[in-house]
Amino acid sequence: MTVQELPGAAAYRPTPPPAWKPLTDAAPLLPDPEPYRVLGTDAVADADPELLLRLYAELVRGRRYNAQATALTKQGRLAVYPSSTGQEACEIAAALVLEERDWLFPSYRDTLAAVARGLDPVEALTLLRGDRHTGYDPREHRIAPLCTPLATQLPHAVGLAHAARLKGDDVVALAMVGDGGTSEGDFHEALNFAAVWRAPVVFLVQNNGFAISVPLAKQTAAPSLAHKAVGYGMPGRLVDGNDAAAVHQVLGEAVARARAGGGPTLVEAVTYRMDAHTNADDATRYRGESEVEAWRAHDPIQLLERELTARGLLGEDGIEEARAAAERMAAGLRERMNADPVLDPMDLFAHVYAEQTAQLREQAARLRVELDAEQGQDGTSGAGDGR
């Protein structure tokens with residue numbers, strides 16, 4: 001007997017239980033149809049001139065940092081470098097919008113954001129150089145380790161932000177990810193947990209057009225990546241990622257909202273990766289030079305420089321001063337990266353376990369014998385001599 005055959009079935013009109021009803025109104029969560037802009041619009045009149053000048057100086061320094069790091073790969077001083085040239089506005093704004101007590105969760109392409117937050121430029125490149133660990137103390141700088149696996153830093157950011165909220169700490173986490181990372185399961189898990197827990201975290205998606213060689217259109221059919229926020233119950237914001245003032249404003253509002261208990265925000269910054277994915281990638285195989293040139297006309301440094309000069313806030317002296325400061329940074333980075341690190345082979349066993357196992361002690365003793373024998377043969381120490 002089917003349900004339709006039961007007595008009184010004709011009058012049976014089931015209704016879903018209350019749980020089906022929307023938890024929030026979707027309309028306020030939807031992003032604007034066009035990326036938000038400040039430079040070249042009426043909104044720029046409200047921008048702080050000192051902030052604009054600082055953004056400009058950091059953008060110029062960041063562009064030089066990317067160029068120098070890329071050159072170091074060609075000299076064999078770096079194993080690989082994922083350049084953020086063209087995306088400097090996102091990197092700098094993400095660093096400057098945070099308070100000292102907040103945490104930054106970068107991806108492998110976000111070394112510039114870490115440097116702008118105060119990390120030593122050499123320490124930011126240590127992982128890409130192949131040295132041990134990450135090259136810096138995450139707790140000291142409130143910068144999580146540079147994350148090479150796609151999007152795995154996002155759940156970490158949610159966990160830290162949620163834990164801070166439970167402890168009563170006034171901390172916001174800002175997690176950075178590329179458009180390719182939005183196709184990973186970690187992205188969806190992080191957003192879902194963040195929204196349910198109302199964790200004080202901001203997700204910044206740098207949509208630079210390609211996940212290595214895969215264009216965005218082959219990753220998603222969504223109107224924008226910012227629209228994905230609605231499905232998790234958080235606001236989505238769409239911003240011009242090459243407009244440093246706009247990115248700083250949108251991220252600032254998202255951070256303030258998170259700090260006030262309003263929960264997470266997903267920000268999509270529309271930008272472009274001017275260089276190849278890394279120095280090992282040939283970008284000409286999947287995009288044309290005309291596309292790259294079109295984006296050069298929307299360069300973040302030129303956009304801000306044009307605005308500042310038009311308002312009389314920046315002259316030739318200021319431009320040269322910013323470039324000179326960037327060159328000094330590059331020269332220092334180049335000099336320090338050209339020095340071979342002094343390595344102690346015995347460090348192989350120093351940081352594996354809190355207490356060495358019997359097997360590690362045996363291996364360490366064996367290596368010590370070999371190093372001592374080597375020292376006896378050539379009169380030099382095998383440990384700590386850089387070999």
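Given the structure is predicted, the values throughout are model-derived calculations rather than measurements. Position 1 is the first residue of the sequence, and the numbers go up from there.
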Exercise. Is it the case that one hydrophobic cluster holds both Val202 and Val158, taking links as side-chain heavy atoms less than 4.5 Å apart, direct or via other members?
Worked result: no
Problem set entry | Pairwise distance CG(Leu313) to CD(Glu305) - rounded to 0.5 angstrom | 12.5 Å
For this session: Count the heavy atoms of every other residue, nucleotide or ligand shown that sit under 6.0 Å from CZ of Arg54, and state whether that count exceeds 12.
Result: no
Problem set entry | Worked check of side chain to side chain contact (heavy atoms under 4.5 Å, CB included) between Leu98 and Arg142 | CA-CA 10 Å; Leu98 295 175; Arg142 300 273 175 145; over 6 Å; no
Exercise. Under the side chain to side chain contact (heavy atoms under 4.5 Å, CB included) criterion, do Leu216 and Phe210 qualify, and how do the steps go?
Worked result: CA-CA 6 Å; Leu216 185 66; Phe210 293 91; over 6 Å; no
Exercise. If you round to the nearest 0.5 Å, how far is CE of Met346 from CG of Leu367?
Worked result: 5.0 Å
Exercise. Just checking, is any N or O donor in the side chain of Asn66 or Tyr81 under 3.5 Å from an acceptor N or O on the other one?
Worked result: yes
For this session: Spell out, as yes or no, whether a donor-acceptor pair under 3.5 Å connects the side chain of Asp243 to the backbone of Val38.
Result: yes
Exercise. So with a 6.0 Å cut-off around CD of Gln75, is the heavy-atom count from everything else above 12?
Worked result: yes
Seminar exercise, completed: Closest heavy-atom pair, Asp25 versus Leu29, reported as atoms and distance to 0.1 Å, is O-CG, 3.8 Å
For this session: Using the salt bridge (charged side-chain N to carboxylate O under 4.0 Å, His left out) rule, take Arg64 and Glu327 through it: C-alpha gap first, then chi angles, then the decisive distance, then the call.
Result: CA-CA 7 Å; Arg64 188 65 185 90; Glu327 286 300 327; 2.8 Å; yes
Exercise. So, Lys167 and Asp169, do they make that salt bridge, N to O below 4.0 Å?
Worked result: yes
Exercise. Parallel, tilted or perpendicular: which fits the ring planes of Tyr232 and His188, with parallel below 30° and perpendicular above 60°?
Worked result: tilted
Problem set entry | Residue Glu291 excluded, over 12 heavy atoms near CD under 6.0 Å | yes
Problem set entry | Residue pair Ile143 / Pro138, side-chain heavy-atom distance below 4.5 Å | no
For this session: Treating Ile, Leu, Val, Met, Phe, Trp and Tyr as nodes and any side-chain heavy-atom pair under 4.5 angstrom as an edge, say whether Leu225 and Leu30 lie in one connected cluster.
Result: no
Exercise. Counting only N and O atoms by type, is there a donor-acceptor contact under 3.5 Å from the side chain of Arg61 to the main-chain atoms of Ala322?
Worked result: no
Problem set entry | Under 3.5 Å: donor-acceptor pair, side chain of Ser84, backbone of Gln87 | no
Exercise. Any side-chain heavy-atom pair from Leu371 and Gln375 closer than 4.5 angstrom?
Worked result: no
For this session: Please indicate whether Glu293 has more than 12 foreign heavy atoms, meaning atoms of other residues, nucleotides or ligands, lying under 6.0 Å from its CD.
Result: yes
Exercise. Less than 4.5 Å apart, any side-chain heavy atom of Glu268 and any of Val239?
Worked result: no
Exercise. Is it the case that one hydrophobic cluster holds both Tyr36 and Leu96, taking links as side-chain heavy atoms less than 4.5 Å apart, direct or via other members?
Worked result: yes
Exercise. Quick one: does Asn207's side chain get under 4.5 Å of Thr271's, heavy atoms only?
Worked result: no
For this session: Using a strict cut-off of less than 4.0 Å between a Lys/Arg side-chain nitrogen and an Asp/Glu carboxylate oxygen, indicate whether Asp340 and Arg77 qualify as a salt bridge.
Result: yes
Problem set entry | Student check: side-chain heavy atoms of Ser224 and Pro31 closer than 4.5 Å | yes
Problem set entry | Interatomic spacing from CG in Leu52 to CD in Glu307 - rounded to 0.5 Å | 7.5 Å
Exercise. When hydrophobic residues are tied together by side-chain contacts of less than 4.5 Å, even through go-betweens, does Val80 share a cluster with Leu72?
Worked result: yes
For this session: Inspect the contact between Arg257 and Glu253 and indicate whether a charged nitrogen and a carboxylate oxygen are less than 4.0 angstrom apart.
Result: no
For this session: Could you walk me through whether Asp240 and Arg37 pass the salt bridge (charged side-chain N to carboxylate O under 4.0 Å, His left out) test, one step at a time?
Result: CA-CA 6 Å; Asp240 184 339; Arg37 296 179 176 87; 3.2 Å; yes
Exercise. If every non-hydrogen atom of Gly86 is compared with every non-hydrogen atom of Asn242, which pair is closest and at what distance?
Worked result: O-OD1, 3.3 Å
Exercise. Got a sec: does the CG of Asp42 have more than 12 other heavy atoms crowding it under 6.0 Å?
Worked result: no
For this session: Test salt bridge (charged side-chain N to carboxylate O under 4.0 Å, His left out) on Arg273 and Asp179 and set out the steps.
Result: CA-CA 11 Å; Arg273 191 190 74 216; Asp179 50 289; over 6 Å; no
Exercise. Is there a side-chain contact between Leu333 and Leu125, using heavy atoms and a 4.5 Å cut-off?
Worked result: yes
For this session: Mind listing the closest non-hydrogen atom pair of Phe203 and Ala190 along with its distance?
Result: CZ-O, 3.9 Å
For this session: State, with a plain yes or no, whether a side-chain heavy atom of Leu191 is found less than 4.5 Å away from one of Met234.
Result: yes
Exercise. Within a reach of under 6.0 Å around CD of Gln363, are more than 12 heavy atoms found that belong to other residues, nucleotides or ligands?
Worked result: yes
Exercise. In this structure, which one of Thr85, Val292, Asp281 forms a side-chain contact (heavy atoms from CB on, under 4.5 Å) with Asp275?
Worked result: Thr85
Seminar exercise, completed: Rounding to 0.5 Å, atoms OG1 (Thr182) and CD (Gln206) come to a distance of 12.5 Å
Problem set entry | Side-chain (Arg237) to main-chain (Ala226) donor-acceptor, under 3.5 angstrom | no
Problem set entry | side chain to side chain contact (heavy atoms under 4.5 Å, CB included) between Val352 and Leu360, worked out | CA-CA 9 Å; Val352 183; Leu360 280 179; 3.8 Å; yes
Seminar exercise, completed: Tightest non-hydrogen contact, residues Arg129 and Ala339, listed as NH2-O, 2.9 Å
For this session: Output yes when a side-chain donor or acceptor of Asp102 lies under 3.5 Å from a complementary backbone atom of Val171, and no otherwise.
Result: no
For this session: State the CG-CD distance between Leu150 and Glu184, to the nearest 0.5 angstrom.
Result: 5.0 Å
Problem set entry | Gap between atom OH of Tyr108 and atom CD of Gln153 - 0.5 Å precision | 9.5 Å
Exercise. Do Glu58 and Glu88 come close enough that some side-chain heavy atom pair is under 4.5 Å?
Worked result: no
Exercise. Do any N or O atoms from the side chain of Thr126 and from the backbone of Val122 form a donor-acceptor pair under 3.5 angstrom?
Worked result: yes
Problem set entry | Glu50 CD: over 12 foreign heavy atoms closer than 6.0 Å | no
Exercise. Could you walk me through whether Tyr65 and Glu91 pass the side chain to side chain contact (heavy atoms under 4.5 Å, CB included) check?
Worked result: CA-CA 12 Å; Tyr65 174 84; Glu91 301 279 314; over 6 Å; no
For this session: State, to 0.1 Å, how close Arg109 and His277 come at their nearest heavy-atom pair, and which atoms those are.
Result: NH2-ND1, 2.8 Å
Exercise. Parallel, tilted or perpendicular for Trp103 and Phe105, by the 30°/60° rule?
Worked result: tilted
Problem set entry | Contact summary for Leu146 and Tyr136, nearest pair of heavy atoms | N-OH, 3.2 Å
Exercise. Would you say Val247 and Val115 are hydrophobically clustered, going by side-chain heavy atoms of ILVMFWY under 4.5 Å?
Worked result: yes
For this session: State whether the side chain of Arg259 and the backbone N or O of Pro200 hold a donor-acceptor pair below 3.5 Å, judged by distance alone.
Result: no
Exercise. Could Arg63 and Asp299 be called an ion pair, given the rule that one side-chain N must be under 4.0 Å from one carboxylate O?
Worked result: yes
For this session: Determine whether more than 12 heavy atoms belonging to other residues, nucleotides or ligands lie under 6.0 Å from atom CG of Asp317.
Result: no
